[in-house]
Amino acid sequence: AMLRLRLLTWDVKDTLLRLRQPVGESYAAEARAQGVRVLPEALGRSFQEAYGAQCRHFPNYGQGQGLSSHQWWVDVVKQTFRLSGVHEEGILTLMAENLYRDFCSAHNWEVLPGAGETLSRCRQRGFRMGVVSNFDKRLENILCQCNLRHHFEFVLTSEDAGCAKPDRRIFERALSLGGVPPEQAAHVGDDYSRDYRAARAVGMHGFLLRAPGQGEEPQMPPEHVLPTLSHLLALIEK
């Protein structure tokens with residue numbers, strides 16, 4: 001291979017896994033189960049607001065501010081419902097715990113087309129593999145339930161690392177876990193600044209998963225852009 005790569009690191013959300021349905025739909029279904037009627041669209045908007053505020057006030061799941069990621073998410077769910085007009089504390093707690101558990105399973109996540117096959121082929125080619133994801137500690141379990149965990153030597157979340165992409169330290173930690181220098185590693189993800197640019201800033205190679213029509217970043221060489229995951233091996237091996 002032209003690039004002499006030994007380690008591939010992977011983002012997860014919207015790179016390998018995606019939500020089966022919009023967050024508002026999942027929250028509305030949970031509410032219905034508790035006899036509460038809220039429109040999915042309203043919950044979707046409320047979630048964006050609650051999640052955004054929580055990320056600003058307590059970055060990276062409240063690490064270093066005394067929050068557990070479990071409590072961080074429970075607060076987001078409760079606030080989402082409060083913004084949509086639900087205020088009964090007992091029901092809020094029940095729904096928050098149920099949703100925290102549901103989002104920990106294959107119930108709410110599905111593997112993106114081509115992901116399993118691409119990971120298998122990369123491993124067959126002898127690449128070492130790891131995950132670098134801005135996620136909480138449930139990720140290990142989610143990957144197991146979606147039958148992807150066995151592809152990876154390590155799963156590094158921002159909660160584990162104590163810092164989140166694009167912070168260079170999470171990539172440095174991944175390189176040290178993988179035991180390779182940055183020029184022998186590539187990161188694959190769907191976010192230009194958190195995945196592609198951040199990996200390149202530490203000297204790694206980068207590949208950006210971008211569906212056609214998602215808009216071009218001006219400084220992106222076309223050979224770094226993946227229309228689908230299945231394009232990866234052709235680019236690495238050409």
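Here the structure is a predicted model, which is why all the values come from computation and not from measurement. This chain uses plain numbering: 1 for the first residue, then up along the sequence. Note: hydrogens, waters and symmetry copies are ignored here, and every other heavy atom, side chains too, is used.
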Exercise for the section: Kindly determine whether D136 and F103 satisfy side-chain contact (heavy atoms from CB on, under 4.5 Å), including the steps that lead there. Expected result: CA-CA 11 Å; D136 62 79; F103 276 90; over 6 Å; no
Exercise for the section: Step by step, work out the side-chain contact (heavy atoms from CB on, under 4.5 Å) result for S26 and Q21. Expected result: CA-CA 7 Å; S26 299; Q21 60 181 5; 3.0 Å; yes
Handout entry: Check against salt bridge (Lys or Arg N to Asp or Glu O under 4.0 Å), D195 and K165
Key = CA-CA 7 Å; D195 290 312; K165 299 180 297 188; 2.7 Å; yes
Handout entry: Derivation of the side-chain contact (heavy atoms from CB on, under 4.5 Å) call for V12 and L148
Key = CA-CA 10 Å; V12 175; L148 294 180; over 6 Å; no
Exercise for the section: Go through the steps to decide whether Y51 and W73 satisfy the test side-chain contact (heavy atoms from CB on, under 4.5 Å), and finish with yes or no. Expected result: CA-CA 9 Å; Y51 178 81; W73 276 112; 3.7 Å; yes
Practice task
Carefully, step by step, assess H187 and D11 under the rule side chain to side chain donor-acceptor pair (under 3.5 Å).
Solution key: CA-CA 8 Å; H187 180 68; D11 172 55; 5.7 Å; no
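Considering every non-hydrogen atom in both A50 and T80, the closest pair reads CB-OG1, 3.5 Å. What you find for A96 and K78 is that their closest heavy atoms are CB-CG, 4.1 Å. Contact record, Y192 with L208: N-CD1, 3.7 Å, taken as the closest heavy-atom pair. Scanning both residues, N60 and C163, for their nearest heavy atoms gives ND2-N, 3.4 Å. The two residues Q63 and S158 have their closest heavy-atom pair at OE1-O, 4.3 Å. Heavy-atom minimum distance, H151 versus S120: CE1-OG, 3.3 Å.
In this structure, the side chains of R210 and V225 come closer than 4.5 Å at one or more pairs of heavy atoms. At least one side-chain heavy atom of E25 sits less than 4.5 Å from a side-chain heavy atom of P22. The shortest side-chain heavy-atom distance between L16 and W10 falls under the 4.5 Å cut-off. Contact of the L229 side chain with the F207 side chain is not registered, since no non-hydrogen atoms from C-beta on lie closer than 4.5 Å. Annotation: side chain of S105 is not in contact with side chain of I142 (no heavy-atom distance under 4.5 Å). A heavy-atom distance below 4.5 Å is not found between the side chains of P166 and R197.
For F47 and Y27, the gap between ring centers is short of 6.0 Å.
Through chains of ILVMFWY side-chain contacts below 4.5 Å, V202 is grouped with L7, V132, F154, L156, I170, F171, L175, L177, V180, M204.
Between the side chains of N98 and R101, at least one donor N or O lies within less than 3.5 Å of an accepting N or O. Counting only N and O atoms by type, the side chains of E97 and H70 include a donor and acceptor under 3.5 Å apart. If you check the side chains of S193 and D191, you find a donor sitting under 3.5 Å from an acceptor. Using modelled atom types and a 3.5 Å distance limit, the side chains of E159 and S69 yield a donor-acceptor pair. Checked by atom type, the side-chain pair K13/S133 shows no donor-acceptor distance below 3.5 Å. The closest side-chain donor-acceptor pair between Q79 and R82 falls under 3.5 angstrom.
Panel note: side chain R123, backbone H150; a donor-acceptor pair is recorded below 3.5 Å. With hydrogens and angles disregarded, no donor-acceptor distance shorter than 3.5 Å links the side chain of R45 to the backbone of P40. The main-chain N or O of H57 is found under 3.5 Å from a side-chain atom of Q65 such that the two form a donor-acceptor pair. Under a 3.5 Å cut-off, the side chain of D160 and the backbone N or O of T157 do form a donor-acceptor pair.
Among residues two or more places apart in sequence or in another chain, the side chain to side chain contact (heavy atoms under 4.5 Å, CB included) test is passed with A31 by V36, V38, F81, M95. Scanning for side-chain hydrogen bond (donor to acceptor under 3.5 Å, both in side chains) contacts around H205 gives an empty result, with sequence neighbours left out.
Here CG of L8 is found 5.5 Å from CZ of F127. Values are rounded to the nearest 0.5 Å.
A continuous path of hydrophobic side-chain contacts links L19 to L139 [ILVMFWY only; heavy atoms under 4.5 Å].
With Y100 as the aromatic partner, R138 meets the cation-pi criteria of under 6.0 angstrom to the ring centre and within 45 degrees of the ring axis.
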